[in-house]
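Data block below; observations after.
For reference, positions follow the sequence shown, starting with 1. Atoms within each ligand, like the ligands themselves, are counted from 1 in listed order. The shown structure was predicted, so the numbers you read here are calculated from the model rather than taken from an experiment.
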Amino acid sequence: MDEREAELIRDAGHALVDGVAEHLATVEDRPVWQPVPPDVLGRLVNVPLPEDGEALDWISESMLTDVLPYAMGNGHPAFFGWVNSPPSSAGMLASLVAAAMNASVVAGDHADVHIERTAVRWLAELVGFPHEPGAGLLTSGASAATVVCLAGARSRALTAVGHDVRRDGLVGAPQLTAYVPSEAHSCVRRALELLGLGSSCMREVPLDAGRLDAEALRASIAADRAEGRVPALLVGSAGTVNAGIIDPLSDLADVAEAEGLWYHVDGAYGAFGVLDPGIAARYRGMERADSLTLDPHKWLGVPVDAGCALVRNGDDLRDAFSLIPPYLRQHSGEPVGTFAEYGFEQTRPFRALKTWGTITELGRAGIAGQVIRANALARELATLVAGDPELELAATPETSIVAFRARPAGVSGDALEALNRALPTAIQARGRAFVTGTIFDGRETLRACILHRDTRSQHLALLVSEVREAARLAHTM
Ligand SMILES: Cc1ncc(COP(=O)(O)O)c(C=O)c1O
C-alpha cells in the first residue's frame, strides 16, 4: 500500500469513527428497532453488481447512512430480546485491528495465536473451569462450540466400545444415547443431528422445579444399556435460554461420573453468572464438566462472533479432529499442536482480539459488576411484574432473564395464548422497547433478557408499560 492509499484510509476511517461514536452516543434518541425504509431497502437490495469500484469515503458514508441506523436493536438499553448484548468499545476497535492483520489463527509465533491462547485461558479462569493449554478454542458461537464438544463426546464413547468413527463413520456403530433436559437450547439437538446420532438418541432428563430425580435418570440409563444402546452424554444448562434457570449442575455431574457419561454444560448465556456472589453457589458442579460452552458475545459484549469451547481433556478434541495433510503442515512450536486440530475450521478469524480487548477493558471486577447489576435489574423487573395485576411472572429469575406473561382482565384460554404470542411483534413495532417470546411451561411467554450496561430502572418501567399498552390495544381491537 502506498502513502496515497494510506491517506484515503485515514480520511474515510476518521469520518467512520466519528459517525460510529455519534451513533452510539445518540442511540436512545432513535427507535429501539425500526423497519428499513423503502428507499434505503432499495439501495441495499435492488442494486446491480458494480462494474467499477467506489471510493472509500463513499463506502464509509453509505455504511453510516444506510446500514448503521437499521440494526436489530441490541445497542439500545430498552432492548430485551433473545440473548444479544451491545458491543464493547474495546471489542469494536479490536475488530478493526484484527481485520487489518487479517490473520488465519492456526499456529505459529504471531500475536494472534498467543492472544487466542490467553483469551481462552482467561475465559476459563473467569468461570472457574480447569484449563490446560490446548483444551479449548474460540468458535463462531455456542452452536459451533457445541458441535465441537459433542464431537469429542461421540469420539470418546465410540472409541471406548472399539468403534473407529473417523474411519467407519456410524456404520456398524452401536446407538449412542444422550440425556438432554427439555429446556436445553436447540443447538444441542442440532449438534446431535449433525453428528449423525439423530434426535431420537435424546432422552429426557427428569428435572422438576430445578430438582433432579437422579434415580429416574439412572433407571433410564440402565434401560438403554439393557437394550444394547450406549449411554454417552449428559447435558446441563448453566442458564437456560427461556428463563435463565441454572440446572442442578452438581447432581448432574454426580450421575455423569457414576455412569461414565460425558458431561456437557451449556454456559453460552449463563456461565458468567457465576461471577455474581449471590448465586455463585448455584453453579457448583460446572467445573466438573467434560466440556463447557461459553459465548463471550453474550454477557461480555464481545462483538459477534465469539463463542468458546472448553474441554477438560484437550486430547478428546484432538482425537476427534486432528487431520494434517502435507499441504497444511505447520510447526506450532507447542506440544499442543495447532488450533485447527481441535475443531472443524482451518482458516480461523482473529476473534480473540475483541475477546482479549473486552476482558482487558472491563477486568474481572468490571465483568462481575455488569453481571451483578443485570441480575439485580432482573429481580427488579420481576417485582414490577409480580406487583402488576395485568401481568404474571412465569418463573422466579435466577439470572438476568425474566419470563412473564400478560393477563389482562377478561382474557383467558386460547385468547390469552394468542395475545401473548402476538405481543412481542406488536411491542417491537412500537419501537420503544424490544422483547421476544417463547413457549415456557407449555404456554406462550414473554422473556426479557437484560445484558445492556446502560439499562436502568426507567427502561424496565418502560417495558412494563409497553407490554400493558400493547396488550390493551390488541384486546380492544
Ligand atoms: C443457553 C444458550 N445456549 C446456546 C445458544 C446458542 O448460541 P449461539 O447463538 O452463539 O450459537 C444460546 C443462544 O442464545 C443460548 O442462549
Side-chain angles (χ1 to χ4, degrees), residues 72-74 79-87 91 123 127 136-151 178 180-195 202 205 207 210 233 235-247 249 252 263-274 279 282-283 286 289 291-310 343-345 349 351 354-355 358 371 374-375 378 395 397-403 424 434-440 445 447-452:
M72 70 187 277
N74 44 324
F79 181 91
F80 300 96
W82 302 293
V83 192
N84 294 94
S85 51
L123 289 167
V127 298
L137 77 172
L138 299 183
T139 62
S140 61
S143 300
T146 305
V147 174
V148 169
C149 293
L150 300 198
V180 184
S182 59
E183 282 292 304
H185 191 275
S186 58
C187 70
V188 172
R189 172 177 167 168
R190 207 163 41 184
L192 291 169
E193 290 174 358
L194 198 61
L195 291 165
M202 289 164 65
V205 173
L207 284 171
L233 171 74
V235 174
S237 293
T240 57
V241 62
N242 274 342
I245 290 167
I246 305 157
D247 286 341
L249 299 176
L252 290 167
Y263 182 33
H264 173 76
V265 174
D266 177 354
Y269 154 65
F272 296 107
V274 74
I279 53 169
R282 293 280 292 114
Y283 288 84
M286 185 165 78
S291 56
L292 173 67
T293 46
L294 303 175
D295 254 347
H297 67 205
K298 290 189 163 65
W299 221 331
L300 297 195
V302 175
V304 172
D305 61 359
C308 180
L310 295 173
F344 51 80
E345 288 178 304
R351 306 178 171 107
K354 54 193 175 181
T355 308
T358 303
V371 167
N375 290 342
E398 285 199 280
T399 51
S400 75
I401 297 178
V402 184
F434 193 109
V435 70
T436 49
T438 187
I439 293 186
F440 180 68
T445 304
R447 51 176 294 292
C449 178
I450 301 169
L451 292 177
H452 201 302

For Ala243, which residues count as a side chain to side chain contact (heavy atoms under 4.5 Å, CB included) partner, sequence neighbours excluded? Thr240, Ile245, Ala395, Ala403, Phe440

Applying a heavy-atom distance cut-off of 4.0 Å, which protein residues contact ligand 1? Val83, Gly141, Ala142, Ser143, His185, Cys187, Gly239, Val241, Asp266, Ala268, Tyr269, Asp295, His297, Lys298

Look at Asp247 together with Arg282 and state whether they make a salt bridge at an N to O cut-off of under 4.0 Å. no

Could you report the tightest heavy-atom contact between Gly273 and Val371, atom names first, then the distance? CA-CG1, 3.7 Å

All heavy atoms of Leu249 vs all of Ser237, minimum pair found to be CD2-O, 3.8 Å

Suppose we screen for ring pair (Phe, Tyr, Trp, His ring centres under 6.0 Å). Which residues come up paired with Tyr283, at least two apart in sequence or across chains? none

Qualifying residues under side-chain hydrogen bond (donor to acceptor under 3.5 Å, both in side chains), relative to Thr399, sequence neighbours excluded: Tyr269

